[in-house]
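Quick notes on the structure that follows.
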Amino acid sequence: MPDGRDPSERSPSDGALLGSWSATRWQYTSRERPERVIDVVIDLRGTVTLSLTAGTYILAWDVVGRGSQSIGGTYAANGHELEFAQPGADVKERVGFRLGADELSLRGAESAWDFEGNGHEEPADFVAVFVRL
């Protein structure tokens, strides 16, 4: 039942974030050289899914020629920010989020990507857009 609030103002306890999401965009932009942009979904033909249940998450991806992987742990929402933590990790990853009717977008400035494929990740801004499955 609608409660009169904008979907982006709802908390995870409302169930608005819960469910399975598929990325239509998973993009990194180099902070050192902003002309360097890579989208895992479009450029690398990858798939990325995010599953959110009450307080836990699983992020899974499959990238052509690079294989499949998944990670999981706990998450919490604080205002317009999601905080993800993996078991045993000291660092929590924080990303901003916006929630629409059937779309979830994430944005982070503390990410990195190996733009040259040489094993050296460089600082990058991150943007992802998901649709509800």
Side-chain angles (χ1 to χ4, degrees):
M1 174 187 295
D3 62 9
R5 289 181 290 167
D6 181 293
S8 66
E9 295 173 351
R10 296 180 186 148
S11 72
S13 62
D14 294 321
L17 286 172
L18 303 182
S20 294
W21 300 88
S22 177
T24 59
R25 179 179 179 199
W26 187 277
Q27 179 180 298
Y28 295 94
T29 302
S30 171
R31 286 201 301 274
E32 295 171 3
R33 293 193 272 176
E35 70 278 6
R36 293 180 116 176
V37 178
I38 189 81
D39 188 312
V40 171
V41 174
I42 296 169
D43 300 325
L44 301 180
R45 299 185 328 257
T47 58
V48 182
T49 57
L50 176 64
S51 177
L52 299 172
T53 59
T56 63
Y57 78 95
I58 297 173
L59 178 67
W61 61 95
D62 183 15
V63 179
V64 174
R66 297 186 186 205
S68 301
Q69 238 182 313
S70 66
I71 58 172
T74 60
Y75 80 95
N78 185 9
H80 290 283
E81 186 175 83
L82 292 175
E83 181 179 87
F84 294 96
Q86 292 181 38
D90 294 335
V91 178
K92 295 180 180 180
E93 186 165 349
R94 292 177 180 87
V95 295
F97 81 95
R98 285 186 53 92
L99 184 62
D102 285 314
E103 185 175 278
L104 171 65
S105 58
L106 306 178
R107 179 176 300 274
E110 298 179 20
S111 199
W113 182 260
D114 180 0
F115 290 92
E116 295 183 13
N118 61 7
H120 172 71
E121 291 188 340
E122 61 184 85
D125 294 325
F126 163 76
V127 175
V129 178
F130 292 88
V131 292
R132 191 179 294 279
L133 290 175

How far apart are the closest heavy atoms of [X] and [Y], and which atoms are they?
{"X": "Arg107", "Y": "Val127", "value": "NH1-CG2, 3.4 Å"}
{"X": "Ala77", "Y": "Phe97", "value": "CB-CE2, 4.4 Å"}
{"X": "Leu17", "Y": "Leu52", "value": "O-CD1, 3.4 Å"}

Examine distances only and state if a side-chain atom of Asp102 and a backbone atom of Val131 form a donor-acceptor pair shorter than 3.5 Å.
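Looks like no, no N/O pair under 3.5 Å.
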
Just to verify, what does Phe126 make a ring-ring contact (aromatic ring centres under 6.0 Å, His included) with, not counting sequence neighbours?
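Only Trp26, Tyr28 meet the ring-ring contact (aromatic ring centres under 6.0 Å, His included) criterion with Phe126.
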
Residues which pass side-chain contact (heavy atoms from CB on, under 4.5 Å) with Val129, listed by chain and number, not counting sequence neighbours
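Partners of Val129 under the side-chain contact (heavy atoms from CB on, under 4.5 Å) test: Thr24, Arg25, Glu103, Ser105.
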
Residue pairs, two or more places apart or on separate chains, that pass salt bridge (charged side-chain N to carboxylate O under 4.0 Å, His left out) and touch residues 39-53
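Residue pairs with at least one partner in residues 39-53: there are none.
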
Can you name the salt bridge (charged side-chain N to carboxylate O under 4.0 Å, His left out) partners of Glu83, sequence neighbours left out?
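Residues passing salt bridge (charged side-chain N to carboxylate O under 4.0 Å, His left out) with Glu83: Lys92, Arg94.
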
Could you pull out all residues at least two apart from Asp125 that satisfy salt bridge (charged side-chain N to carboxylate O under 4.0 Å, His left out)?
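Residues passing salt bridge (charged side-chain N to carboxylate O under 4.0 Å, His left out) with Asp125: Arg31.
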
Sequence neighbours excluded, every pair satisfying side chain to side chain donor-acceptor pair (under 3.5 Å) that has a member inside residues 58-71
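Residue pairs passing side chain to side chain donor-acceptor pair (under 3.5 Å), neighbours aside: Asp62-Ser68.
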
Would one find more than 12 heavy atoms of other residues, nucleotides or ligands at under 6.0 Å from atom CG of Leu133?
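Buried by this count: over 12 neighbours within 6.0 Å.
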
Could you state the interatomic distance from CD1 (Ile71) to CZ (Phe84), rounded to the nearest 0.5 Å?
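Spacing of CD1 (Ile71) from CZ (Phe84) equals 9.0 Å.
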
